[in-house]
Amino acid sequence: MTTLDEVTTHAGLPLSPPSTSGGACLILISTAMPAAIGKAFPLQPGEHVLGRGSEADLRIDDHGVSRRHARVVRTADGTCQVTDLGSTNGTYLNGVSISSAELREGDRLQIGTGTVFRFSTRNQLEPREEQLRQALTAARVGIWEWTASSGVVTWSEHVDRMLGLPVGKLSGRPMDLKEVVHPADLTRVREALAAALEKRTVVDVEYRIEPAGSGCRWISCKGDVLSDAGGAPTRITGTVMDITARKQAEQELRRQALIFESFYDGVVIADLSGRIVDWNSSAERLFGRSKAEALGQTLFSVLHPAETDVLTANMLITLEKEGRWTGEVEFQRRDETVCSCECVAVPLRDAEGRTIASIMVHRDITEQKLLQARLVMADRLASVGTLGAGVAHEINNPLAFMLVNLHLIRVGLERLEAVAPPGTISSLEQLVQETTEGAERIAGIVKDLKTFARGEQESRLGPVDVRRAVELACKMADNMLRHRARLVMEFDTVPCVEANESRLCQVFLNLLLNAAQAIPEGEPAERHEVAVRIHAQAPEQVVVEVRDTGVGMTPEVLSRVFDPFFTTKPVGEGTGLGLSICHGIIESMGGTITVESVPGRGSTFRVVLQAAPQEAGSLTRFDPHPDEQEPVAPRARLLVVDDEPNVTLALQRALSREHEVVTANNAEDALRLLAQDSRFDVILCDVMMPGMTGMDLFAELDRASPEVARRVVFMTGGAFTPRAVSFLRGVSNPKINKPVSLQELKALLTRRAVEARR
């Protein structure tokens with residue numbers, strides 16, 4: 001009996017050496033035991049039974065094989081005949097079911113469902129063939145051959161096994177390349193084979209193979225050109241390997257590499273010592289260095305050359321202890337721009353959980369930090385504006401009664417002058433005049449302070465006297481300008497512009513400060529000049545030019561001067577937002593701002609604004625000089641409500657000769673007075689008062705007696721809360737600013753008294 005593990009005769013004796021007249025054998029090419037594939041089973045003259053039973057000469061451990069499946073008879077002349085012994089699953093020769101047939105060289109004999117032999121007229125394989133069979137089986141390598149004349153390719157049995165195909169799917173029959181090669185790769189494979197024949201070079205090509213009814217696999221094909229007896233190349237033979245797994249791994253690596261390179265954030269991979277082994281293109285853009293410059297160095301040494309590395313050791317220790325490190329990295333690029341990055345570092349582990357490297361992801365937060373700084377500055381300016389408005393309010397209260405009292409003193413001195421000795425009163429009048437001028441100057445400063453403080457609260461456009469806005473900006477910048485240059489002002493007569501006064505002042509102040517800073521310190525102020533010119537430009541436009549004789553700007557700087565965050569000042573001395581904000585303010589008003597500059601000769605900023613419509617330029621104001629010929633009106637009744645006793649007392653002194661004046665120093669007292677007698681022509685009420693404000697008083701009056709509420713005239717020293725600003729903007733009642741103009745107030749009382757008597 002012969003098994004797949006050993007070759008014996010049915011008598012149990014070893015096979016005799018092959019006869020000199022020739023031999024025959026069955027070579028196993030398919031079985032459930034891969035190690036036996038390729039073994040040769042010699043066929044001695046006589047009868048050999050193939051089957052699964054113990055009586056079989058060649059026993060086959062295959063459930064699809066019958067106990068006595070088939071018989072092979074080798075005659076004395078060397079021919080071999082195979083006969084099916086009534087098996088269950090049949091016997092096949094070259095894929096065709098047979099009952100009896102003669103075996104010829106190369107025939108494939110299939111027994112049962114999965115056991116296949118190839119018939120050979122040799123006794124057994126040569127030792128070298130056996131070694132090659134074992135090597136090919138172990139390496140999962142197949143053999144192929146391509147004939148140049150026909151374009152036909154044949155495969156060894158190993159190819160079927162290598163690709164996981166049924167034996168005989170590819171091997172044992174010639175076929176055209178297009179039957180197995182993927183259509184997308186067919187032209188490339190044919191060109192590679194043709195080029196190898198023409199140049200007699202080796203074939204080394206990778207392509208996809210797609211047998212009908214089977215999945216697509218990747219094949220690595222290598223081969224040598226073989227020639228005929230005359231030296232003409234006729235065919236190519238070689239080996240094929242299944243490289244599908246490798247191709248899938250390469251595809252996954254390419255996908256991961258694509259993801260790695262597609263990150264907008266800068267990704268850096270460092271080894272266990274913190275030295276860079278890779279980084280993506282975003283890191284090159286972010287850090288301003290190429291990958292070649294960074295490899296082998298720590299990130300800190302790349303960004304801060306010649307400095308002691310204070311980052312890497314701390315990061316590695318934190319990674320080891322906590323498994324994560326976060327921080328900020330600040331550096332300067334080669335173009336001298338400063339960058340801030342937020343960095344997150346985590347370990348990179350292998351399949352067994354061992355740390356093999358670290359990944360650092362860097363996100364540029366430069367603009368974010370500048371925006372935060374801008375918000376902090378805006379919040380600080382808003383706080384300063386609120387503080388300024390509050391200070392203005394507190395200063396206006398004493399100014400209100402000081403100016404009224406000075407007016408009363410001046411009137412009293414004029415009356416005493418007629419009876420006093422000559423020269424006695426004149427000196428006192430001079431003192432009163434000087435004091436009044438000082439108080440009015442304080443009032444002007446407070447008014448300017450209120451204008452700037454109103455910038456964050458008031459954004460509506462209206463007619464603005466551009467000359468006044470420029471003069472105010474010049475006063476605010478005077479302290480810096482006077483030490484660096486002469487200030488020259490050329491103002492033509494121009495119409496009001498459609499703008500916001502406080503924001504316009506902000507623009508001109510910024511332009512003046514920039515002009516002063518463009519002039520080098522230490523040089524005599526007489527050598528430099530800052531000129532401000534206002535003139536009209538058709539049609540209906542007003543132009544303001546600010547020119548300096550400073551250092552000027554290069555074309556590169558000039559092209560970016562209005563870009564946010566762009567600055568030529570040292571780090572910490574400027575945010576690069578001033579001119580950008582100015583540009584935005586002017587454009588929001590429908591105007592334009594441009595600049596011209598010559599290095600070494602200075603710069604000129606030109607602001608063009610739209611003139612305000614004529615009807616919008618006329619403001620309704622109380623006439624400070626009432627018609628002297630107007631008939632004397634009856635006495636008016638006035639209720640003054642203010643938490644400052646000196647204010648109510650001063651107004652009572654100034655108006656009591658002509659009108660009936662009642663005072664209250666809080667809103668609650670005023671409500672009690674009005675509940676007793678509401679027949680007042682005017683209720684002059686302060687807006688900002690402790691406890692119940694003037695706004696609360698108005699709301700109560702409007703609820704209980706709307707007719708009385710309409711007689712309220714609001715008096716304010718400066719609205720410095722959002723509620724007060726919103727209230728004064730929405731209420732239609734008249735408003736008077738502190739310090740109160742007596743002429744304006746008297747005119748108002750006269751008109752209201754006349755209206756009340758009609």
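What you see is a predicted model; the values in this text were computed from it and never measured.
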Okay, side chain of Asp265, backbone of Val361: is any donor-acceptor separation there less than 3.5 Å? no
Rounding to 0.5 Å, atoms CG (Leu109) and CD1 (Ile27) come to a distance of 12.5 Å
message: When you compare the side chain of Phe119 with that of Leu43, does any pair of heavy atoms fall below 4.5 Å?
response: yes
In this structure, OH of Tyr207 is separated from CD1 of Ile219 (nearest 0.5 Å) by 6.0 Å
*asked:* Would Arg285 and Tyr264 count as a cation-pi pair here, with the cationic atom under 6.0 angstrom from the ring centre and within 45° of the axis?
replied: yes
Practice problem: Side-chain contact test, heavy atoms from C-beta onward, threshold under 4.5 Å: evaluate it for Met241 versus Arg246 and give yes or no. | Solution: no
Check the surroundings of atom CD in Glu198: do more than 12 heavy atoms from other residues, nucleotides or ligands lie under 6.0 Å from it?
no
Any side-chain heavy atom of Phe287 sitting closer than 4.5 Å to one from Val268? yes
Counting distance only, does the side-chain N/O of Gln110 pair as donor-acceptor with the main-chain N or O of Tyr92 below 3.5 Å? no
Tightest non-hydrogen contact, residues Cys341 and Leu286, listed as SG-CD2, 3.6 Å
Between the CG atom in Leu85 and the CZ atom in Arg67, the distance rounded to the nearest 0.5 Å is 13.5 Å
When every non-hydrogen atom of Ala232 is compared with those of Arg200, the smallest separation belongs to CA-NH2, 4.3 Å
Note to self: Just checking Arg190: does its CZ atom have more than 12 heavy atoms from other residues, nucleotides or ligands closer to it than 6.0 angstrom?
What the structure shows: yes
Applying salt bridge (charged side-chain N to carboxylate O under 4.0 Å, His left out) to Arg333 and not counting sequence neighbours gives Asp364
Handout entry: Heavy-atom side-chain contact between Phe117 and Val82 under 4.5 Å
Key = no
- prompt: What's the verdict on side-chain contact (heavy atoms from CB on, under 4.5 Å) for Leu50 and Thr91, showing C-alpha distance, side-chain angles and the deciding distance?
  reply: CA-CA 11 Å; Leu50 285 67; Thr91 301; over 6 Å; no
Exercise. Are the side chains of His304 and Leu311 in touch, meaning some heavy atoms are under 4.5 Å apart?
Worked result: no
- Message: Hydrogens and angles aside, do Arg275 and Thr298 bring a side-chain donor and acceptor to less than 3.5 Å of each other?
- Response: no
Item checked: From CA spacing to verdict: side-chain contact (heavy atoms from CB on, under 4.5 Å), Lys291, Glu284 -> CA-CA 7 Å; Lys291 182 192 296 187; Glu284 291 187 333; 3.4 Å; yes
Quick check on Gln251: does its CD atom have over 12 non-hydrogen neighbours (other residues, nucleotides or ligands) under 6.0 Å away? no
Practice item. For the pair Ser66 (side chain) and Thr88 (backbone), establish whether a donor and an acceptor sit closer than 3.5 Å, ignoring hydrogens and angles. Key: yes
Pair up each side-chain donor or acceptor in residues 315-325 with any protein partner under 3.5 Å, not counting sequence neighbours, and list the distances.
| unit_1 | atom_1 | unit_2 | atom_2 | d |
| --- | --- | --- | --- | --- |
| Thr318 | OG1 | Asn314 | O | 2.8 |

Does a side-chain N-to-carboxylate-O contact under 4.0 Å join Glu55 and Arg68?
no
* **Check: Ser340 main-chain N/O paired with His362 side-chain donor or acceptor under 3.5 Å** => no
Subject >> Asn94 side chain to Arg108 backbone, donor-acceptor under 3.5 Å >> reply: yes
Worksheet item: Should we count CD of Glu342 as having more than 12 external heavy atoms under 6.0 Å?
Response: no
One should read off an interatomic distance between Arg118 CZ and Leu28 CG, to the nearest 0.5 angstrom, of 11.0 Å
_Within-4.5 Å side-chain heavy-atom neighbours: Val73 and Thr83_ = no
Shortest non-hydrogen pair, Gln81 vs Ser100, comes out as NE2-OG, 3.1 Å
Smallest heavy-atom separation, Val65 atom then Gly51 atom, equals CG1-CA, 3.8 Å
Do Arg74 and Val72 come close enough that some side-chain heavy atom pair is under 4.5 Å?
no
When rounded to the nearest 0.5 Å, the distance separating CD1 of Ile111 from CG of Asp84 is 8.0 Å
Q) Quick check: are there more than 12 heavy atoms from other residues, nucleotides or ligands sitting under 6.0 Å from CZ of Arg104? A) no
Heavy-atom nearest pair, Pro347 first then Arg349, reads CG-NH2, 3.7 Å
- Message: For the aromatic rings, using the six-membered ring if either is Trp, is the centroid distance between Phe41 and His48 under 6.0 Å?
- Response: no
Rounded to the nearest 0.5 Å, the CZ atom of Arg217 sits from the OG1 atom of Thr244 at a distance of 3.5 Å
query: Hey, are Arg188 and Asp185 close enough for a salt bridge, meaning a charged N less than 4.0 Å from a carboxylate O?
result: yes
Worked verdict on Arg208 versus Lys247 for side-chain contact (heavy atoms from CB on, under 4.5 Å): CA-CA 10 Å; Arg208 286 163 291 180; Lys247 282 292 186 179; over 6 Å; no
| query | Quick one: are Ile269 and Trp279 in side-chain contact, heavy atoms under 4.5 Å? | reply | no
### Message
What verdict does the side-chain contact (heavy atoms from CB on, under 4.5 Å) test give for Trp146 and Leu177, after you've listed the backbone C-alpha separation in whole Å, the side-chain angles of each residue and the deciding distance to 0.1 Å?
### Response
CA-CA 9 Å; Trp146 178 70; Leu177 283 174; 4.1 Å; yes
Closest heavy-atom pair, Ala40 versus Cys25, reported as atoms and distance to 0.1 Å, is CB-SG, 4.2 Å
